[in-house]
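As structure tokens, the structure follows; a few thoughts come after it.
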2 protein chains.
Amino acid sequence: MSRPREFDADLALRQCMEVFWTKGFHATSYEDLTRTTQVKKQSLYGVFKNKRELFLKSLVLYREENLSILEKRIANETSPVRQLEAICETALYADDEARIRGCLIINTSLEFGSADEDINREIMQMMQRTEAMIEHAIRGGQAEGTITSRLGSRELALHLSNAINGAKMMEKSGAPREEILGVLRTSIALIQA
Amino acid sequence: MSRPREFDADLALRQCMEVFWTKGFHATSYEDLTRTTQVKKQSLYGVFKNKRELFLKSLVLYREENLSILEKRIANETSPVRQLEAICETALYADDEARIRGCLIINTSLEFGSADEDINREIMQMMQRTEAMIEHAIRGGQAEGTITSRLGSRELALHLSNAINGAKMMEKSGAPREEILGVLRTSIALIQA
DNA sequence: CTTATACTTGACCACACAGTCAATAACTGA
DNA sequence: TCAGTTATTGACTGTGTGGTCAAGTATAAG
């Protein structure tokens with residue numbers, strides 16, 4: 001009953017997400033978005049109300065995509081310690097270009113602080129779901145005796161997830177991947193039984 | 001031989017640093033700076049060439065001040081493990097208002113990425129000097145047997161410094177101080193012999 | 001007192017920004 | 001075919017930005 005959309009909204013969203021990821025929310029202008037998507041401002045507005053909504057949608061896309069990759073990687077590993085290693089390896093990007101952008105969630109968390117409720121909710125969800133995966137693997141390791149039981153699974157999970165956050169920071173500041181992975185391997189080594 | 005400056009440049013720099021710390025570099029406008037310092041734009045320019053130079057000076061001030069506080073706190077502690085605890089406690093701000101701002105160095109590191117050389121140099125210097133203090137304490141602990149020797153002092157220091165960076169991130173995203181300290185205490189507990 | 005020098009002040013500039021408007025185009029159901 | 005609806009387009013708006021200019025002012029050396 002109306003004129004059909006000429007552009008692929010999912011594709012455009014993904015492209016916008018990439019731009020936000022590279023430049024951050026505030027540093028991204030509408031011109032950046034229209035240039036890379038080849039979609040005019042008003043058309044983007046038609047689908048996503050404004051820059052903030054577009055950003056929120058980008059966050060969700062990023063989160064769901066990353067969590068699903070993480071889940072698949074974990075599923076491929078049998079031993080809990082290998083699962084933890086896989087989580088760490090997946091958290092760090094292999095590609096040099098991607099690495100310098102760091103992690104969109106971490107970047108956003110620092111760009112917005114705790115000011116924006118909606119954005120904070122998305123970030124927390126990413127954190128918590130990652131933590132849950134880590135804790136699950138740790139419990140498995142504790143059950144089979146490869147991971148220490150001197151401390152509770154939740155404490156150990158928080159330790160590792162905190163280390164990963166730190167690693168993602170190092171990643172953005174340009175440290176070489178092997179160096180960062182080394183730190184994470186230490187973090188894992190420290191919790192093995 | 002010329003008209004004397006009417007404002008205190010050191011005070012103005014400190015005030016600017018506070019603004020940058022709260023809002024970040026890009027989000028801080030000259031209006032913010034002139035409002036809080038009560039110094040007109042052109043006068044600030046006379047002392048600090050432009051916004052970026054002013055920011056660089058702010059970074060250095062922040063760094064030196066924080067490192068000197070850290071050094072004093074360490075000097076008060078005798079046992080290496082207590083020294084590490086002191087470093088962690090000092091890294092996190094006690095005051096609620098300060099806590100939500102996070103750490104200027106970490107914020108800057110994520111705001112600029114690795115793009116700006118000069119800024120990166122200041123950041124790296126802060127990191128390295130903190131790491132050195134941590135490693136020194138760890139070596140002391142290893143010598144007296146309170147800290148594990150399963151891993152080298154440098155690896156352990158990187159582990160702890162990475163954990164502190166993660167903690168500073170959590171700090172900015174609004175997590176309660178006790179929760180963050182808990183994570184850091186775990187990080188210390190894991191390296192004790 | 002004169003003059004050189006640096007500080008102060010407020011007006012000013014060109015630009016980039018997010019978001020809006022109004023005119024036009026494409027499609028569909030009746 | 002035509003009426004209703006939505007998409008597209010480019011021009012437009014108002015605001016805020018970092019940075020500059022020029023005119024005026026306080027100081028100290030000579």
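Numbers restart at 1 for each chain; the letters A, B, ... are given by sequence-line order, proteins then strands. Nothing here was measured: the structure is a model prediction, and the numbers come from that model. Keep in mind that the numbers below use all heavy atoms, side chains included, and drop hydrogens, waters and symmetry copies.
- To the nearest 0.5 Å, atoms OG1 (A:Thr90) and CD (A:Gln83) are separated by 11.0 Å.
- Straight-line distance from the CG atom of A:Leu44 to the C1' atom of D:dT6: 16 Å, rounded to whole Å.
- In terms of position along DNA chain C, the nucleotide closest to B:Val39 lies nearer the 5' end than the nucleotide closest to the other residue of the pair A:Glu6 and B:Val39.
- Across residues 26-34 of chain A, not one residue has a non-hydrogen atom less than 4.0 Å from an atom of DNA chain D.
- Of the residues listed (A:Tyr30, A:Phe112, A:Tyr62), the one engaging A:Phe55 in a ring-ring contact (aromatic ring centres under 6.0 Å, His included) is A:Phe112, and it is the only one.
- The interatomic distance linking B:Lys23 (NZ) with D:dT17 (C1') rounds to 13 Å, in whole Å.
- Atom CG of B:Leu110 and atom OG of A:Ser109 lie 9.0 Å apart (nearest 0.5 Å).
- No salt bridge links B:Glu122 with B:Lys57; every basic N to acidic carboxylate O contact stays at or beyond 4.0 Å.
- Out of D:dA7, D:dG19, C:dT8, the shortest distance to the side chain of A:Arg5 is found at D:dA7.
- At a cut-off of 3.5 angstrom, the base of D:dG19 holds at least one donor-acceptor pair with the side chain of B:Lys41.
- A side-chain donor-acceptor contact under 3.5 Å links A:Lys51 to the backbone of A:Thr28.
- Remark: P of D:dG19 and CD of B:Glu53 are 10 Å apart, rounded to the nearest angstrom.
- Among the nucleotides C:dG10, C:dT8, C:dT20, the one closest to the side chain of A:Tyr45 is C:dT20.
- A salt bridge is defined here as a Lys NZ or Arg NE, NH1 or NH2 lying under 4.0 Å from an Asp or Glu carboxylate O, and B:Arg185 with B:Glu85 fails to meet this definition.
- Here C:dA18 presents its C1' atom at 12 Å from CZ of A:Phe20, a figure rounded to the nearest Å.
- Between the NZ atom of B:Lys40 and the P atom of D:dG18 there is a distance of 17 Å, rounded to whole Å.
- At whole-Å resolution of the value, CD in A:Gln38 and C1' in D:dT8 are 14 Å apart.
- B:Phe55 places its CZ atom 14 Å from the P atom of D:dG19, with the value rounded to the nearest Å.
- Residue B:Lys51 places its side chain closer to D:dG19 than to any other of D:dT8, D:dG19, C:dA18.
- To the nearest 0.5 Å, atom CG of residue A:Leu33 and atom CE of residue A:Met17 are 13.0 Å apart.
- Considering only side-chain atoms of B:Gln42, the nucleotide from D:dT9, C:dT8, D:dC21 that sits closest is D:dC21.
- Atom NZ of B:Lys49 is separated from atom P of D:dG18 by 17 Å (rounded to the nearest Å).
- Of the side-chain N and O atoms in A:Ser43, none sit less than 4.0 angstrom from OP1 or OP2 of D:dA7.
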